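What you see below is based on every heavy atom in this structure, not just the backbone, and it leaves out hydrogens, waters and symmetry mates. Residue numbering restarts at 1 for every chain, and letters A, B, ... go by the order of the sequence lines. Model, not experiment: these values are computed from the prediction.
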Amino acid sequence: MSTQGFNVLKAKDFASDQDIRWCPGCGDYSILAQTKKILPELGLPVEKFVFVSGIGCSSRFPYYLNTYGVHSIHGRAPAIATGVKVGNPDLSVWVVTGDGDGLSIGGNHLIHAIRRNLDINILLFNNRIYGLTKGQYSPTSELGKRTKSSPFGSVDNPIHPISIAIGAEATFVARTMDVNVKHLGETLRRAAAHQGTAFVEIYQNCNVFNDGAFEYASDKEVKAENTLYLEHGKPLIFGKDREKGIRLHGMNPEIVKLGGDIKEDDLLFHDEKAPEPSLAYLLSRMRHPEFPEPMGVYRCVDAPRFDTEMLNQIQAARAKGPGRLEDLLNEGDTWVVD
Amino acid sequence: MKANTKEPSVAKPVQSIEQAAVRFAGDSGDGMQLCGTQLTTSSAIFGNDISTFPDFPAEIRAPAGSLAGVSGFQINFSSHEIHTPGDRVSALIALNPAALRTNVEDVFDGGIIIVNEDSFDKGRLKQAGYDSNPLEDESLSKYKVYKVPISKLTRAALKDSPLRAKQVDRCKNFFALGLVYWLYGRSMDSTLQWISSKFAKNVDVVDANTKALKAGYFFGETCEFFTHQFKVPKATLPPGKYRKIGGNEALAIGLVAAAELSGKTLFYGSYPITPASDILHALSRRKNFGVKTFQAEDEIAAMSSIIGAAFAGNLGVTGTSGPGLALKAEAIGLGVMTELPLVIVNVQRGGPSTGLPTKTEQSDLLQALYGRNGECQVCIIAPASPSDCFDIAIEACRIAMKFMTPVIILSDGYIANGEEPWLIPEIESLPKIEVKHPEGGNGQDFMPYERNADLARPWALPGTPGLQHRIGGLEKEDLTGNVCYDPENHERMIRLRAKKIATIALDIPELTVLGPEQGDLLVLGWGGTSGAIRSAVERVQSSGHSVAAAHLRYLNPFPANLEAVLRRYKKVLIPELNTGQLRRVIRGELMMDTIGFNKIKGKPFLISEIEGRIMEVLSEGSGQ
C-alpha cells in the first residue's frame with residue numbers, strides 16, 4: 001500500500017469542528033497543538049487513530065481531534081484502550097489522562113495497561129490539582145498544599161507518575177512539559193514510534209487552580225538549574241553553564257561541580273536502553289528542589305507485547321486448523337436417540 | 001475377566017425402576033464432583049434423561065471431616081423426561097460421618113445409604129456431631145444401610161501398586177463409583193477411557209484408579225449383601241444426536257456460535273469470579289475460533305475493555321456474578337450512552353455482598369434492571385436450563401448487535417453447574433445474525449446517532465475513512481452525537497433510549513403457557529426455577545386442576561402479551577429464589593397483584609415445595 005497520500009496531511013486535518021472549552025491560558029492547548037502537529041507525520045490516515053480519555057479537563061482532548069475517539073468514564077481509559085487495541089491491532093491507540101484520572105481513580109488500570117505493554121501511547125497531563133472539580137488537591141499535589149479540600153495543608157504523601165510507570169516496568173517512559181513545545185513535540189514523536197506502551201508525563205500548568213506549579217522548570221531564570229534534559233549515551237549534565245553533573249555515590253545520586261578533579265567521565269551516563277529499570281527508577285527519584293528533575297526519555301526498551309502475543313497464540317491455534325462450529329457443537333461424548 | 005461391562009451382569013436379579021436420584025457426598029477433597037460427573041456421562045451415554053446438582057462449599061479444602069467441608073453431587077437419571085435433579089435421593093453414598101449427617105434427611109424412606117465404614121471412627125464421628133455411631137444404633141433403621149469398608153477394600157485392591165499410601169487412599173472415590181455403576185448396571189467404559197486419557201502421563205495412577213473402579217464394581221457383584229441390581233431404562237427423548245452439557249459450557253459455546261453466525265470476532269473480557277469463571281476457562285481454549293480472551297485486572301476493567309473492543313468492531317462480552325455486576329454498573333451506563341452492542345453475563349449467586357459464592361439465588365433481577373445511575377435501561381434475558389444457555393447466548397448477541405445495546409444475561413449457579421442432555425442443533429437451524437457497518441463517508445455529514453427503524457444507531461468502526469466520530473458518557477445530541485446540554489435534547493434522548501429497549505418487545509416471541517389458556521392459576525417463573533415449576537405444574541395438572549405454567553425468558557422488555565396472558569387466570573403465583581423481585585416489577589409495570597413463593601436458602605426449589613404451594617393457593621381460592 002502506498003503511503004504517499006498520507007504525507008499531505010496537515011495539522012488542520014486532525015482538527016475537529018468542536019469549540020475548545022479549556023480555560024484561556026491552559027497548558028492543554030499547547031499539548032493539543034503539538035499532537036496535531038506530529039500526527040500527520042506518522043504515516044497513518046486520520047481514521048486509523050483512536051483517542052481514549054477518562055474524565056477531567058485533559059480528558060476533553062478527543063473532542064478536539066478529528067479522529068475516532070472515546071471520552072469515557074473516570075479512570076477507565078487504559079482499560080477501554082486495551083479493548084480497542086486488542087479488538088483491532090491496526091489502530092493507533094492513544095490514552096489521554098490526568099493526574100487524578102490516571103493515578104487516583106484509575107491507578108489500577110494504568111499500572112496494568114503498562115505492565116501488559118500493549119502498543120498504546122499514554123499521555124498523562126500532570127497539573128498537580130483537580131481542575132474540573134474546581135481545585136482540590138490531587139494525588140500528585142505536594143505535601144502541605146492548601147486547597148479547597150485541604151485548607152490546613154495536604155497530608156497525603158504524593159505519588160510520582162514516572163516512578164509508578166517504571167515500577168510497572170514500562171518499556172517507554174518520558175517526561176516533558178507543555179511550554180517546552182519543541183521538546184514536547186519530539187517526545188510525542190518518540191512515544192508514537194515506540195512499539196509497546198509508551199508512557200509520557202507532561203507537566204501542564206493549570207493557570208486557574210494551580211498557576212505556576214512548574215515555574216521552577218519553565219522560568220527562564222531558574223529552569224537550567226532545576227531541570228536536566230536526558231540524552232541517551234550522554235553524561236547527566238545541567239546548569240546554566242552546563243557546569244554541574246550527577247554522579248553516583250554508592251546507590252545514591254549526588255550533584256557535583258564539573259572541573260578540577262571531576263571530569264565528565266566521572267558522571268552518570270544515561271542509558272535509556274538498559275534492560276534493568278533500576279537506574280531509570282533512580283532518575284525518577286530526583287525531585288525538585290533537592291535535584292534537577294530529569295526531562296526526556298528515561299527508558300526505551302523492547303519487550304513482548306500483549307496484543308501481538310495474543311495474536312500469535314490465535315494464529316498458532318488457527319494454523320493447526322481453524323475452529324469449525326460443527327465440531328464445537330459435537331465435541332465430547334455423544335449418543336444418538338432413534 | 002469381566003473387564004468389559006457393557007451389559008450389566010445378570011448374576012443377581014435386576015429390578016427395573018423409572019428413575020434414580022443418587023448423591024455422592026464426602027470431603028471437598030474426596031473427588032465427589034468427579035464421581036458425579038462420571039456417573040452423569042455414563043448415564044447420558046446410556047440414554048437416560050439426566051439432571052444434575054453439584055453442591056460444594058466455597059472453601060477449596062475445608063478441614064477434613066468437618067460439616068462445613070462436605071461436598072456433594074446429585075444426579076437424577078430417568079427413563080422419562082425430567083427437569084430437575086430430584087427433590088430427594090434414592091441412594092446416598094457418604095464417605096464420612098459429616099457427609100452422612102448433612103445429607104441423610106434428603107434420602108427417601110427405604111432408600112439406600114452406602115457408607116465408608118472405615119471413616120466412622122471416634123474422632124470423625126465427634127467432628128460430625130454424633131454422640132454415638134449411627135451405624136450401630138437405630139437412627140438409620142428406615143433406610144437400607146450398606147456398611148462398606150471402602151478404604152480397606154481400596155487398599156487391598158491396590159496392594160501391589162507402587163503409589164504411596166496417601167495416593168492409594170485417594171482412589172477410594174473410584175471404588176465407590178464402581179460400586180454405584182454395578183448397582184445401576186452402568187457401563188464403566190466411559191470412565192475407564194476418561195481415566196486413561198486424564199492420567200495418561202502417569203501409568204501407575206491410571207492403573208490404580210482403574211483397579212479401584214473395577215474392585216468397586218466386582219465388590220457389588222460378589223458381595224452377598226447387595227441382593228439385586230437396579231435398571232433405569234433408556235428415556236424416550238426426541239430423536240437426534242445428544243451430548244451432555246452444563247450451563248456455563250453451553251453459554252461459552254453459544255457465544256462462540258454467535259460470533260461465527262455474525263461473522264464477528266468474540267472478545268471476552270472478564271475477571272475470575274465464582275460461579276462464572278468456567279466461561280472464561282472455556283473460551284480461553286477457543287483460540288482456533290479467533291476468540292480473544294482478556295483476564296482483566298478487575299471487574300471494571302473487564303467491562304471497560306469490552307466497550308473498547310465493541311467500539312473497535314468485536315463482539316464484546318463479559319461474564320461475572322452479582323458483586324461483579326455491581327462493580328460494572330458505571331461502565332454499563334457508558335455502554336447505554338454510547339449505544340454499543342455488549343453482552344454481560346451475570347451468573348447469579350447468593351448475596352448480598354460476598355454472600356454465598358457457591359450457592360444459587362435469583363436476587364440480581366432488580367440490580368440488572370435498576371442498578372445504575374440515571375435512566376439507564378438495558379435488555380435482560382434469562383436461560384431456563386443448562387442447555388438453554390446456548391440459545392440464550394446467541395439471542396443476547398443477536399439483540400445486542402441488532403439494537404446496539406447492552407444485554408444482560410441472568411444465569412445462576414444452579415444452571416451454570418448443572419448438567420443435562422442436549423439435543424445438538426443443526427447449524428442451519430441456528431438464527432442468522434446480520435451485522436452491517438456503514439462503509440466510509442466524506443468526513444462531514446456522518447450522523448453517529450441517526451437511528452434505523454429499530455431505533456438502533458450505526459455501528460461505525462474506527463479505521464473506516466470519513467466516519468470519524470467521538471462517543472462518550474456525556475449526553476449526546478440527537479443525530480450528531482455531539483456533547484449537548486440542551487434540556488429538550490436530554491429528555492428526548494432519555495425517552496429515545498428507553499423506547500429502543502421497549503421496541504425489542506416487537507422482535508421477541510410472545511409468552512406461551514403450558515396447560516390451559518385460562519383458568520384458576522398461572523405459575524409464572526424465570527431463570528433456573530423453570531424445571532421445578534414445570535414439573536410441579538404437570539403434577540397438579542394430572543390430578544385435574546386448572547393450572548398452567550409460563551416461563552419468562554425476556555425480563556426487559558417483557559413479551560408484549562404478558563399482561564394479557566396473566567389476566568386470563570384468576571391468580572398468578574410467582575416462585576422465585578429471592579424475596580419477590582419479579583413480583584415487584586410486575587406490580588410496578590402492570591399494576592397487578594400476584595402471589596409470591598419465595599425461598600432464599602442458596603438452594604433450588606424442590607418440585608414438592610412448589611406443588612405444595614400451588615395446592616395451598618388453590619385451596620385458599622375455594623374459600624372465597
Inset, instruction - Check whether any side-chain heavy atom of Arg324(A) sits under 4.5 Å from a side-chain heavy atom of Ile427(B), and report yes or no. - result: no

Legend entry - Arg21(A) atom CZ, over 12 foreign heavy atoms within 6.0 Å: no

Inset, instruction - Return the minimal non-hydrogen interatomic distance between Thr464(B) and Glu47(A), and the atom names on each side. - result: O-CB, 3.4 Å

Inset, instruction - Could you check whether the rings of Trp335(A) and Tyr242(B) sit parallel, tilted or perpendicular, using 30° and 60° as the cut-offs? - result: parallel

Legend entry - Under 4.5 Å from a heavy atom of chain B, the part of Leu65(A) involved: backbone

Legend entry - NZ/Lys12(A): more than 12 non-hydrogen atoms of other groups inside 6.0 Å: no

Inset, instruction - Quick one: which of Asn88(A), Asp90(A), Val86(A) has the most heavy-atom pairs under 4.5 Å with chain B, could you say? - result: Val86(A)

Inset, instruction - Find the one option among Asp17(A), Val336(A), Val70(A), Leu329(A) whose heavy-atom pairs under 4.5 Å with chain B are most numerous. - result: Leu329(A)

Inset, instruction - Check the surroundings of atom CG in Asp19(A): do more than 12 heavy atoms from other residues, nucleotides or ligands lie under 6.0 Å from it? - result: no

Inset, instruction - Under 4.5 Å, counting heavy-atom pairs only, tell me which of Thr293(B), Thr41(B), Thr236(B), Leu334(B) racks up the most with chain A. - result: Leu334(B)

Inset, instruction - Write down the atom of Leu237(B), the atom of Val337(A), and the distance for their closest heavy-atom approach. - result: O-CG1, 3.3 Å

Legend entry - Closest contact, heavy atoms only, Val50(A) versus Pro462(B): CG2-CB, 3.7 Å

Inset, instruction - Compare all side-chain heavy atoms of Glu331(A) with those of Arg243(B) and state whether any distance is below 4.5 angstrom. - result: yes

Inset, instruction - Mind checking the CD1-CG spacing from Ile424(B) to Asn330(A)? Nearest 0.5 Å is all I need. - result: 4.5 Å

Inset, instruction - With a 4.5 Å cut-off on heavy-atom pairs, point out which of Val483(B), Ile306(B), Thr338(B) contacts chain A the most. - result: Val483(B)

Inset, instruction - Determine the minimum heavy-atom distance between Ala331(B) and Ile73(A), stating which atoms define it. - result: CA-CD1, 3.5 Å

Inset, instruction - For each of Thr265(B), Ile307(B), Asp298(B), Leu423(B), tally heavy-atom pairs with chain A at distances under 4.5 Å, and name the one with the top tally. - result: Asp298(B)

Legend entry - Atom group of Phe49(A) that falls short of 4.5 Å from chain B, counting heavy atoms: neither

Legend entry - Residue among Asn108(A), Val93(A), Thr82(A) with most heavy-atom pairs under 4.5 Å to chain B: Asn108(A)

Inset, instruction - Please say whether more than 12 non-hydrogen atoms of neighbouring residues, nucleotides or ligands are located less than 6.0 Å from CD in Glu309(A). - result: yes

Inset, instruction - Quick one: which of Phe390(B), Phe311(B), Trp422(B) has the most heavy-atom pairs under 4.5 Å with chain A, could you say? - result: Phe311(B)

Inset, instruction - Rounded to the nearest 0.5 Å, what's the gap from CG on Asn312(A) to NZ on Lys287(B)? Could you check? - result: 12.0 Å

Inset, instruction - Could you check if a side-chain atom of Lys320(A) sits within less than 4.5 angstrom of a side-chain atom of Asn288(B), using non-hydrogen atoms only? - result: no

Inset, instruction - Tell me, yes or no, whether the heavy-atom count around Glu169(A) atom CD, taken from other residues, nucleotides or ligands under 6.0 Å, exceeds 12. - result: no

Legend entry - Sub-4.5 Å side-chain heavy-atom contact between Trp194(B) and Asp333(A): no

Legend entry - Contact leader toward chain A among Gly240(B), Gly472(B), Ala309(B), where contacts are heavy-atom pairs under 4.5 Å: Gly240(B)

Inset, instruction - Side-chain contact test, heavy atoms from C-beta onward, threshold under 4.5 Å: evaluate it for Tyr63(A) versus Leu474(B) and give yes or no. - result: yes

Inset, instruction - Give a yes or no on this: more than 12 heavy atoms of other residues, nucleotides or ligands lie within 6.0 Å of atom NZ of Lys37(A). - result: no

Inset, instruction - Determine the option with the most heavy-atom pairs under 4.5 angstrom with chain A, choosing from Pro421(B), Gly333(B), Ser304(B), Ala460(B). - result: Ser304(B)

Legend entry - Nearest atoms (heavy-atom pairs only) where Thr67(A) meets Arg470(B): O-NH1, 2.7 Å

Legend entry - side chain to side chain contact (heavy atoms under 4.5 Å, CB included) between Tyr68(A) and Leu467(B), worked out: CA-CA 8 Å; Tyr68(A) 284 91; Leu467(B) 299 184; 3.2 Å; yes

Legend entry - Pairwise distance CD1(Ile300(B)) to CD1(Ile105(A)) - rounded to 0.5 angstrom: 8.0 Å

Legend entry - Contacts of type side-chain contact (heavy atoms from CB on, under 4.5 Å), residue Ala296(B), not counting sequence neighbours: Phe294(B), Ala301(B), Ala302(B)

Legend entry - Interchain contact, Lys234(B) with chain A, by part (heavy-atom threshold 4.5 Å): neither

Inset, instruction - Might you point out which heavy atoms bring Leu325(A) and Phe289(B) nearest each other, and give the distance in Å? - result: N-CE2, 3.7 Å

Inset, instruction - Among Lys48(A), His109(A), Arg76(A), single out the residue with the greatest number of heavy-atom pairs under 4.5 Å to chain B. - result: His109(A)

Legend entry - Any residue of residues 42-50 of chain B which, by heavy atoms, sits under 4.5 Å from chain A: Ala44(B), Ile45(B), Gly47(B)

Legend entry - Selection from Lys85(A), Met310(A), Glu326(A), Arg116(A) maximising heavy-atom pairs under 4.5 Å formed with chain B: Arg116(A)

Inset, instruction - Heavy-atom distances under 4.5 Å only: say whether Glu330(B) touches chain A with side chain, backbone, both or neither. - result: both

Inset, instruction - Flag the one option from Thr334(A), Asp338(A), Val46(A), Leu328(A) with the top tally of heavy-atom pairs under 4.5 Å to chain B. - result: Leu328(A)

Legend entry - CE on Met337(B) to OG on Ser72(A), rounded to 0.5 Å: 13.0 Å

Inset, instruction - Could you look at Pro238(B) and say if it's the side chain, the backbone, both or neither that has a heavy atom under 4.5 Å from chain A? - result: backbone

